[in-house]
Amino acid sequence: MSRKPIIAANWKMNVTPSEAVTYLDTFLSTFSQPVNVDIVIGASFVTLPKAAELIGPNPAVDLAAQNMSHEANGAFTGETSAAMLNDVGVDYVILGHSERRSLYGEDDAVINKKVHATLAAGMKPILCIGESLEEREGGQLESVLTSQLEGSLAGISADQMADIVIAYEPVWAIGTGVTASKEQAQETQAFVRSVLEKIFGSDVAGATRIQYGGSVKPGNAEELINQPDIDGFLVGGAALDPNSFAEIVGAGIGG
Ligand code: PGA
């Protein structure tokens, strides 16, 4: 089954609104026409409105938030709702990133609520999963990924899966410069797809896009995207430079 690659920049807590202007001037001039890859820019809450304004008419590039509250509104100081993101023109929401899980205590139950709230608001979750090095070395890789998928996707229907992207990001590869080998990434992503098949059936599993994330850079993007179960990337550090991110997207277009 052919799946359109989706390559997303995760700027994390980088790129101010003013810096986004410089970045997107460069990046959007390279991608002003639709391409055979869905391109996504994941900006901080305060940078989203400026990024939305700049991306506005661009047919190739969509916008992602990096987190969201599962609550609709009310007394939740410091939180940001689905309606707020919608109002700004956000298309995707990155959910359950390992930094949210490990630094801010998000578990699968809360991530599951966020997945439901994102879909209910007409936006698309990019759901992150991934194991730590201890878990991989301790033989828990499969059980960790299975319970993250089952927990985060509880109550999600097969139809709703059409709007969900999975990002497999081994925690030991995030921001470390250590990338999973193409064989490791392929093998693990095939396993992730097999779990989706058990939960949702083979049609959904075959259609779901699974990104790889963790030290993706221009030098390794091509060999990774050529793996049959790698359908794109979630890119942190190497997406902070518009030319480097453009090269990674270029590998997807050529792949
Ligand atoms: P990295 O981050 O590309 O800097 O490893 C990826 C991510 O955390 O999404």
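Atoms within a ligand are numbered from 1 in the order they appear, just like the ligands themselves. Everything quoted here is computed from the prediction, not taken from an experiment. Numbers here simply count residues along the sequence, with the first being 1.
Around atom CG of Asn73, no more than 12 heavy atoms belonging to other residues, nucleotides or ligands sit under 6.0 Å away.
Ligand 1 places these atoms under 4.0 Å from at least one heavy atom of Asn10: 9 (O). When each atom of ligand 1 is checked for a heavy atom of Leu234 under 4.0 Å away, the hits are 6 (C), 9 (O). Per-residue contacts place Gly175 under 4.0 angstrom from the following atoms of ligand 1 (heavy atoms of the residue considered): 1 (P), 4 (O), 5 (O). Each of the atoms 6 (C), 7 (C), 8 (O), 9 (O) of ligand 1 lies under 4.0 Å from some heavy atom of Glu169. Atoms of ligand 1 found under 4.0 Å from any heavy atom of Gly214 (numbered from 1 in listed order, with element): 5 (O). Listed by number with element, the atoms of ligand 1 under 4.0 angstrom from any heavy atom of His97 are 7 (C), 8 (O), 9 (O).
Under the 4.0 angstrom criterion for non-hydrogen atoms, Gly213 is not in contact with ligand 1.
Looking only at protein heavy atoms, the nearest one to atom 2 (O) of ligand 1 is Lys12 NZ, 3.3 Å. Distance from atom 4 (O) of ligand 1 to its nearest protein heavy atom, with residue and atom name: Gly237 N, 2.8 Å.
For ligand 1, the polar-atom distance check against Gly236 finds a nitrogen or oxygen pair separated by under 3.5 Å. Residue Val235 has no N or O atom closer than 3.5 Å to an N or O atom of ligand 1.
A salt bridge does not link Lys124 with Asp62: every distance from a Lys NZ or Arg NE/NH1/NH2 to an Asp or Glu carboxylate oxygen is 4.0 Å or more. A salt bridge between Asp108 and Arg101 is present, with a side-chain N of the basic residue lying under 4.0 Å from a carboxylate O of the acidic one.
Met68 and Leu63 end up in the same hydrophobic cluster when Ile, Leu, Val, Met, Phe, Trp and Tyr side chains are linked at under 4.5 Å.
In summary, of the residues considered (Gln211, Arg193, Glu131, Gln189), a side-chain hydrogen bond (donor to acceptor under 3.5 Å, both in side chains) with Tyr168 occurs for Glu131 alone.
Here the CD1 atom belonging to Ile39 is positioned 9.0 Å from the CG atom belonging to Leu28, to the nearest 0.5 angstrom. How far CG of Asn10 is from CZ of Phe245: 10.0 Å, rounded to the nearest 0.5 Å. One finds the CG atom of Asp203 at 10.0 Å from the OG1 atom of Thr208 (value rounded to the nearest 0.5 Å).
Heavy atoms of Ala173 found under 4.0 angstrom from ligand 1 belong exclusively to the backbone.
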